[in-house]
Amino acid sequence: MNAPTNNNKAHEKSKASEIPRVSIVDDDESVREAIKSLLRSVGLRANVFASAEEFLKSGALKDTACLILDVRMRGMSGLDLQARLAAAHHKIPIIFMTAHVSDKEARTRALQAGAVDFLYKPFNEEILLKHVYAALI
Amino acid sequence: MSEPDTPRSSGMAAVARYALAVACVTVALTVTALLLPNSFFTPLFFLAIIISAWFGGMGPGLLAALLSTLSIAYFFITPLYTFNFKPAHIPQLLVFFISAALVSSWSTVRRRSETLLRRARDEQETKIQERTADLKQANEQLQAEIAERRRVEETLRQRADLLDLTHDTIFARDMNHVITYWNRGAEELYGWKRAEAVGRVSHELTQTIFPVPLEEINETLCRTGRWEGELVHTKRDGSKVVVASRWSLQRDQQGAALAILETNNDITERKLAEQELHKTQAELAHIARVTTMGELTSSIAHEVNQPLAAIVTNGNACLRWLSNDPPNVEEARQTVTRMVKDGHRASEVVGRIRAFFRKTVPQRVQVDINQLVEDVIAMVPSELQRNRVQLQTELTDDLPPVVGDPIQLQQVLVNLVINAIEAMGNVSGRRELVIKSGLYEPGSVLVSVEDSGVGFDEQNAAQLFNAFYTTKLQGLGMGLSISRTTIESYGGRLWATTNNGAGATFQFTLPTSN
């Protein structure tokens with residue numbers, strides 16, 4: 001695992017814990033690695049998962065303070081995972097993202113179910129970081 | 001007398017000849033004694049001698065001469081009725097006898113030469129007659145032969161006239177391809193008259209373009225006696241003509257190749273129409289591809305947005321790594337490396353779409369059918385996800401390649417896959433798409449696309465492939481029609497069946513390249 005140590009922009013809470021509290025679930029390797037690098041560049045640490053199933057199996061759920069989640073994936077979708085977490089009363093802030101240009105229905109469902117935001121790829125990194133910081137406070 | 005001129009022929013004939021001499025002299029004596037006594041008594045005796053010598057020959061002639069001399073001496077020289085004539089009459093009688101003998105002799109000689117002459121003439125006559133008969137016979141044979149030849153020539157001419165009646169171009173050439181016959185059809189098609197064409201090397205005259213090397217054609221011709229194919233010829237006016245050509249080999253009784261009969265049909269118009277049709281089909285296919293791409297828009301956006309998102313995020317991360325104090329160059333380098341990779345990935349997506357959109361003349365190249373399936377799957381991940389379709393592939397390894405245009409074949413498969421996904425759009429149960437590849441029969445590969453969708457009514461099965469038949473709100477209803485045309489143009493078949501469980505299976509075969 002990566003250990004950001006010299007980042008002066010890092011949030012105080014991230015310094016307090018060695019355990020990554022951001023989880024990224026996306027079936028596109030390029031995207032999840034890019035987001036991970038972005039978070040690390042600001043002193044945050046993140047776990048990456050290629051599918052919702054992999055995330056659930058990993059046991060990272062209990063330490064996750066913020067979930068960056070792709071909407072459409074093979075197997076369990078982002079919305080399925082959101083529903084499942086809600087059913088299990090896990091109130092983790094979820095930031096959705098999608099590469100599909102017209103996913104209005106999914107956006108509505110995600111936001112109604114309590115998602116922090118629903119971002120279209122490619123997204124503005126400042127908005128993403130703002131949501132992540134907010135979730136980690 | 002049949003043989004008067006052969007005095008020594010037989011004893012009986014000799015007696016008769018001498019009797020003739022005696023009779024002639026007796027008649028001469030009697031007539032002279034009765035009519036001309038004491039006066040002019042010798043002429044009748046000369047006549048008797050001439051007749052005897054003429055018809056009897058030398059012996060009877062001389063006998064007649066002797067008898068005449070004795071008769072004159074006895075009957076007409078005084079003293080009458082005795083042989084006691086005066087010595088003064090001896091010269092007279094002697095002259096008479098000698099004259100008589102000479103007359104007899106000349107008459108005989110004359111008679112003999114005349115006989116010889118006649119015989120020679122007769123022999124000649126016979127020979128001439130024989131020769132004339134020979135000539136006549138030869139002449140008759142000749143006439144018969146001429147008549148036979150005329151009949152054969154007439155038959156040949158009638159046959160050649162028949163060959164002139166046909167619209168087909170027919171010409172014959174020897175084994176060195178020198179033209180020996182050129183029918184009217186050939187004159188009309190190519191523009192050279194028979195007299196101009198005969199004697200020329202056919203492939204030089206018409207500048208033949210062969211579909212395969214001439215050696216190969218000759219090999220087939222010698223082995224099977226026949227060859228068929230399409231040739232391009234140049235006419236006298238310089239214009240090109242495409243012909244469907246049939247060659248037949250003529251052999252002699254020993255089996256040696258003698259001549260080649262070439263029958264050609266002008267199919268230039270048909271080829272042009274075919275080209276025109278192909279062009280129209282290609283244009284239609286292009287329109288259908290554009291339509292298909294319209295249906296794939298969200299997939300395209302997804303495919304491009306993923307690498308773009310990665311690039312933008314990496315770019316931002318890079319800026320932040322560099323603005324750290326101190327800048328983390330190594331991390332920045334890694335983000336840029338990933339950006340380059342994703343840039344290429346986006347470019348590949350665009351390239352694939354461009355290839356699919358491109359309006360090109362269909363090629364005929366070897367296509368790996370499994371690669372084709374993989375390429376198509378890469379185009380529709382978004383469609384699969386959005387419709388929550390589980391994709392399974394069962395591809396048979398090491399399939400022989402097929403021949404076709406990769407883009408056109410992609411289009412067919414994209415069509416079938418999109419149809420399958422859409423057929424499952426309103427299904428509440430499992431949504432399963434199975435793409436299989438395998439050998440259908442020797443020399444033929446099968447691709448099947450199986451869905452668990454709504455299927456189709458067997459009654460509509462025939463309509464499925466009709467142009468403009470559609471059950472969708474959007475779409476032209478051209479997809480399956482064009483797909484079938486495409487597959488059939490490469491010698492394959494495309495058909496649909498309903499599954500035992502749910503859904504339908506669309507499948508096509510394509511002949512392998514060898």
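In what follows, chains are A, B, ... by sequence order, proteins preceding strands, each numbered from 1.
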Sort A:M97 into side chain, backbone, both or neither according to what part of it lies under 4.5 angstrom from a heavy atom of chain B.
neither
Turns out that what part of A:T98 lies under 4.5 Å from chain B's heavy atoms comes down to neither
Nearest heavy-atom contact between B:N370 and B:T396 is ND2-O, 2.8 Å
Name the option with the most non-hydrogen atom pairs under 4.5 Å to chain B; the candidates are A:K121, A:E126, A:E125.
A:E125
Chain A contact via B:N314 - which portion, at a heavy-atom distance below 4.5 Å:
both
Region of A:L119 in contact with chain B, defined by heavy-atom distances below 4.5 Å
neither
Please work out whether the ring planes of A:H100 and B:H302 are parallel, tilted or perpendicular, with thresholds of 30° and 60°.
parallel
Residues B:N415 and B:Q411: side-chain donor-acceptor under 3.5 angstrom:
no
Shortest non-hydrogen pair, A:V31 vs B:A309, comes out as CG2-CB, 4.4 Å
Between A:D80 and B:R388, does any NZ, NE, NH1 or NH2 come within less than 4.0 Å of an OD or OE carboxylate oxygen?
yes
